[in-house]
Amino acid sequence: MKYDFNTIEQKWQDYWAKNQTFKAENNSDKPKYYVLDMFPYPSGAGLHVGHPLGYIASDIYARYKRHQGFNVLHPQGYDSFGLPAEQYAIQTGQHPAITTEENIKTYRRQLDQIGFSFDWSREVRTSDPKYYKWTQWIFIQLFNSWYNKAHDKAENISELINIFESEGNITVKAACDDNVPLFTAKDWKAFSSEEQQRILLQYRLTYLAETEVNWCPALGTVLANDEIVNGVSERGGHPVIRKKMTQWSMRISAYAERLLQGLETIDWTDSLKESQRNWIGKSVGASVTFNVIPNATRHPINGSHKIAVFTTRPDTIFGVSFMTLAPEHELVSQITTPEQKVEVEAYIEATAKRSERDRMADVKTITGVFTGAYAEHPFTKEPIPIWIGDYVLAGYGTGAVMSVPCGDQRDYDFAKHFNIPIPNIFKDIDISEEAFADKERTIIANSGFLNGLNFKEATRKVIEELEKIGHGEGKINYRLRDAVFSRQRYWGEPFPVYYVNGMPQMIDEQYLPLTLPEVEKYLPTETGEPPLGNATFWSWDTKNNKVVSNDLIISTKGGAPDMESHNGVYPLELNTMPGWAGSSQYFNRYMDPHNEQEIFSQEAVNYWRQVDLYIGGSEHATGHLLYSRFWQKFMFDLGLVPHDEYAKKLINQGMILGTSAFVHYTIISSPELNQKFYVAIQEKDVVNYKEIVEKHLGDTNLKDAKFLDLYEMHVDVSLVNASDELDIEAFKIWRPEFKNADFITEEDGTFKVKRDVEKMSKSKYNVVNPDEICEQYGADSLRLYEMFLGPLEQYKPWNTAGISGVHSFLKKLWKLYFDDQGFKVKDREPSKASLKTLHKTIKKVQEDIENFSFNTTVSTFMIAVNELTAQKCNSKDILEPLLILISPYAPHIAEELWEALSHKESISTALFPKFDESHVMESTKNYPISFNGKMRFTMELPLDMSKEAIEEVVLANEKTQEQLNGRTPKKVIVVPGKIVNIVG
RNA sequence: GCUGAAGUGGUGGAAUUGGUAGACACGUUGGACUUAAAAUCCAAUGGCCAUUAUGGCCGUGCGGGUUCAAGUCCCGCCUUCAGUACCA
């Protein structure tokens, strides 16, 4: 019988689906294990061979855990809201829901053919109203919460209102906006309802505020910091500018410290944790307040102003020789003197015009301008000139710095450039060339009460003094900014929000989900509103078939919208939520995906608790993986989840890259020619291509024609064979403009292309489709090969040629069970050698899987099968457990052979075989004997021999004596089980 | 600049944590089977030298060091990839 993989794989995929083999129950006597993949965005291009890598790894682990007797949850779903479907809709008018549905079908078919053990009964889709109902629900919970720093957790906003009513906000320690005014309980009660709401908004965990955002004109939407790469949009590479807009934001900064601390408790890779630490960017220092001197110049400044700065070096405060404000700083216009006004305004305008990218590009150019104003040094009372400069960022700290040129290189450069004095406050340090920033070696001088102190002592002392005079305090600053949560797009979750007098109100939970309305066009409206502004009606309560008009929402009764009485007309929020909204809690929803009453039941979440193993790409380090941790901590504060970290262990799979092929060519044109003439050149001839083309053309009529530069183009990799030779005829059909082209080939007519490793993408024609691989070699071969390619975490190029190795392994495996005569496994006593092979394989496989070293496991299988073939093993006692070992990697063939061994149940119910050391034990060990560190021969010795006995035997040995040649050994080293080394 | 990861044959990659470097696989070469091809099987395959055979020397990015013994540990460099970037 032949190994007919296509039939076998189809058979078992159908069997698994029909019998719901991998359906997980929310209770079991078995211990639980939760294996999660990052769910895919279903793109129109379908899967290429790089996509399933992580899924194969997690599937192997999930199947392995089932064999270990665990109740395994291994779900899958789709992150189905997103920009590509919307852009496709803009171009074609096709509703994103339809293209998304089609793409999901393709994905599902492709995933199914690889034989994953997903529990599809738990599938979620972020664009499904039944799912995004709960995304909207979480948004409402965030809106109704504030962060109490005293308890270090989120609490209900009603508790904050209680405090305001009894004591105002003076005693409240909350994560809130910086500019909240202080008020008493009496003040609070005197505020209008609208004023109260405005104040509460400054405390809520999701809030509406006018913020400076990253606006991408080409995409017509704002972007979060992690969606910008090198100053351009991550998607499409469009320029991004800063713009002030009223937007929803998430107060993730409230959780900065807990997000940082939580990293200590989870088993994620160091590099990923490090990225998150950098992104959070904690720095410890002090905030210092400087008073602006009202009449330091002929033109007194109106009112009294204070400038707060954040510094990590308060110990250098006596080295301050100027201050610098960001051009966007709000005080700039108030303190600038009339003489400086023109210059300052020109400077502000010039900086505002520069895009983020330009600003990043020339960080070396020093620019700035003097405001004319002075601040007073809190200790020396000396006047300090106030400058503005674009090296100070409005978005970090307070947007103002105290400049200490002797201790900070940027301040130093700025001072040098504008001839500002650079006082030296460091003992025995030369600062004539550059600033001195080494905290460890710092001894303060010329600094009054700080003289002689080191960095630590001086910092403590100066903070103490600042607090005494009310000019500052110790402070911790984080780089992490609140996350902008509004997107001006159609294909995303609508906000459950409407506005009364411009103040946002939450739609009552009973009316969720607020479903996405139909629109004619997916572009912004003519008045510049987001695409949702095009909707003519909204339908929300699908159960009761209630419909409301576009910008109308029905009046409220006691804060909740009342569907029955049509008393008022209020606009709805027209923005939608960003891509990361739907992916920030999906892992918990899988635990109880069909629950319509709650986001998930407490029974379910207390059973599954945490994700035990999460596999996905590292590109989400500062996006999804940070936001989802934030939401989990929030859910924990609400008492909804038992852990405030949702994923115990995380592995980043590396990317599988494509091997692109390129053809070089030049185009010849001359007046005599009607058309352009292409000449393709092999890579080796590229350097001297002009000479070679001329020589090639010889005396033809093209001889005197001019030819253009050399071009390089991607060639479809399917037109190139394993030896990099191009199929020229097929190429000419693929690219008709080359129909009459000349190819400068080898003498034997072959034409070699250039190869390069790049990301797989349609536009590079280097995509390898898993469908073809499954068709030609089978899913088991694909699974094994993807693992065999190299370590899971590593980036590695795909090369289809190598798959024949794993494929012939499967054929050899098959032959252990079936030959031409049929099934050949017998119920007979296994040989000692076969038992040894089996048990050393059990041990190695178990160790490898537990270390996620999947590539070496495949080698282990190959060695085992080769050995058993050589041993002519046909014993059931060996071949049956062997299948269980291989089954996580190649489940289809394992099921088929398992069935041939007369099993009625799926192999997934079988328990992993136990390793028995006695079969592997050897009574003797080969000791390598070396002289002066060089290995000369080996000698078999019993395992239980003592060091001394080994030494004696070795020295008495004939070969040893030969090597020693009459000399007496100086030293003999014996490490039992390892090596004997004799120093002559 | 900073942070993290990594440099091993023609190629992908192994190496029980300091103990015979190159497992396993691809590729290549030779052979068997076949009218032929495919498939399958066998053998060789880091480099150099020697050869009738046994063999010898050099080899894990570079330069040092520790050790009886270093791909692995220490010091100093170089290169590549990824993330981040005027963060006060």
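Protein chains get the first letters and strands the later ones, always in sequence-line order, with residue 1 at the start of each. Predicted, not measured: the structure shown is a model, and the values here were computed from it. Worth knowing before you read on, the calculation uses all heavy atoms, side chains too, and leaves out hydrogens, waters and symmetry mates.
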Engineer: Once you round it to whole Å, what is the distance between P of B/C26 and OH of A/Y785?
Structural biologist: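 My rounded result for the distance is 10 Å.
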Engineer: Describe the nucleic acid contact of A/K282 in one word from base, sugar-phosphate, nothing, applying a heavy-atom distance below 4.0 Å.
Structural biologist: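 A/K282: no heavy atom of the nucleic acid under 4.0 Å.
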Engineer: Output yes when at least one side-chain N/O atom of A/S283 is less than 4.0 Å from OP1 or OP2 of B/A88, else no.
Structural biologist: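 Looking at the OP1 and OP2 atoms of B/A88, one of them is under 4.0 Å from a side-chain N or O of A/S283.
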Engineer: Specify the separation, in whole Å, of atom CZ of A/R410 and atom P of B/A88.
Structural biologist: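 After rounding, the reported distance stands at 7 Å.
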Engineer: Counting only Watson-Crick or G-U wobble pairs whose two distances fall under 3.5 Å, which nucleotide matches B/U28?
Structural biologist: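 For B/U28, the partner nucleotide comes out as B/A44, under the 3.5 Å rule.
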Engineer: Taking only side-chain nitrogens and oxygens of A/N866, does any of them come within less than 4.0 Å of OP1 or OP2 of B/A25?
Structural biologist: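 Checking B/A25 against A/N866, a side-chain N or O does come within under 4.0 Å of OP1 or OP2.
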Engineer: Checking base pairs now: Watson-Crick or wobble, both atom distances under 3.5 Å. What partners B/G55?
Structural biologist: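 By the stated definition (distances under 3.5 Å), B/C49 pairs with B/G55.
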Engineer: Using whole Å, what does the distance between atom P of nucleotide B/C81 and atom CE of A/M655 come to?
Structural biologist: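 In whole Å, B/C81 P and A/M655 CE are 15 Å from each other.
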Engineer: Does a side-chain N or O from A/Y396 land closer than 4.0 Å to OP1 or OP2 of B/A88, or not?
Structural biologist: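 So the side chain of A/Y396 is within the cut-off, an N or O lying under 4.0 Å from OP1 or OP2 of B/A88.
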Engineer: Answer yes or no: is there an ion pair linking A/K2 with A/D4, defined by an N-O contact shorter than 4.0 Å?
Structural biologist: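 Here A/K2 does not pair with A/D4 in a salt bridge, since their nearest N and O are not under 4.0 Å apart.
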Engineer: Identify each atom pair where a protein N or O and an N or O of nucleotides 11-13 of chain B are less than 3.5 Å apart, giving names and distance.
Structural biologist:
residue : atom : partner : partner atom : Å
B/G12   : O2'  : A/L789  : O            : 2.6
B/G13   : OP1  : A/Q794  : NE2          : 2.5
B/G13   : O3'  : A/N855  : ND2          : 3.3

Engineer: Is A/K811 close enough to B/U40 that one of its side-chain N or O atoms is under 4.0 Å from OP1 or OP2 there?
Structural biologist: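 True: A/K811 side-chain N/O within range (under 4.0 Å) of B/U40 OP1/OP2.
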Engineer: For A/S403, report the nucleic acid contact type (base, sugar-phosphate, nothing); a contact means any heavy atom under 4.0 Å.
Structural biologist: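 No contact.
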Engineer: Give the ring-plane orientation class for A/W387 versus A/F418, where under 30° counts as parallel, over 60° as perpendicular and anything between as tilted.
Structural biologist: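 Plane angle between 30° and 60°, so tilted.
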Engineer: Just name whichever nucleotide pairs with B/A36, Watson-Crick or G-U, keeping both distances under 3.5 Å, else none.
Structural biologist: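 Result: none.
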Engineer: Nearest whole Å is fine: how far is B/A88 P from A/I388 CD1?
Structural biologist: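 Between P of B/A88 and CD1 of A/I388: 22 Å.
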Engineer: Can you tell me how far C1' in B/C73 sits from the matching atom in B/U66, rounded to whole Å?
Structural biologist: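 Their C1' atoms lie roughly 8 Å apart.
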Engineer: Do the side chains of A/E264 and A/R277 get close enough for a salt bridge, i.e. N-O under 4.0 angstrom?
Structural biologist: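 So A/E264 pairs with A/R277 through a salt bridge.
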Engineer: Counting Watson-Crick and G-U wobble pairs only, both distances under 3.5 Å, name the nucleotide matched with B/U16, or none.
Structural biologist: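 B/U16 is paired with nothing.
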Engineer: According to the Watson-Crick and G-U wobble definitions, with both distances under 3.5 Å, which nucleotide is paired to B/A21?
Structural biologist: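 By the stated definition (distances under 3.5 Å), nothing pairs with B/A21.
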Engineer: Considering every strand shown, what is the Watson-Crick or G-U wobble mate of B/C86 when both distances are under 3.5 Å?
Structural biologist: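 Here B/C86 is not engaged in any pair, so there is no nucleotide opposite it.
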Engineer: Does the structure show a Watson-Crick or G-U wobble partner for B/U79, both distances under 3.5 Å? Name it, or say none.
Structural biologist: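 For B/U79, the partner nucleotide comes out as B/A6, under the 3.5 Å rule.
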Engineer: State, yes or no, whether a side-chain contact exists between A/T856 and A/N851 at a heavy-atom distance under 4.5 Å.
Structural biologist: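 No, side chains not in contact.
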Engineer: Whole angstroms only, please: what is the CZ-P distance between A/R479 and B/A88?
Structural biologist: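 One finds 10 Å between P of B/A88 and CZ of A/R479, rounded.
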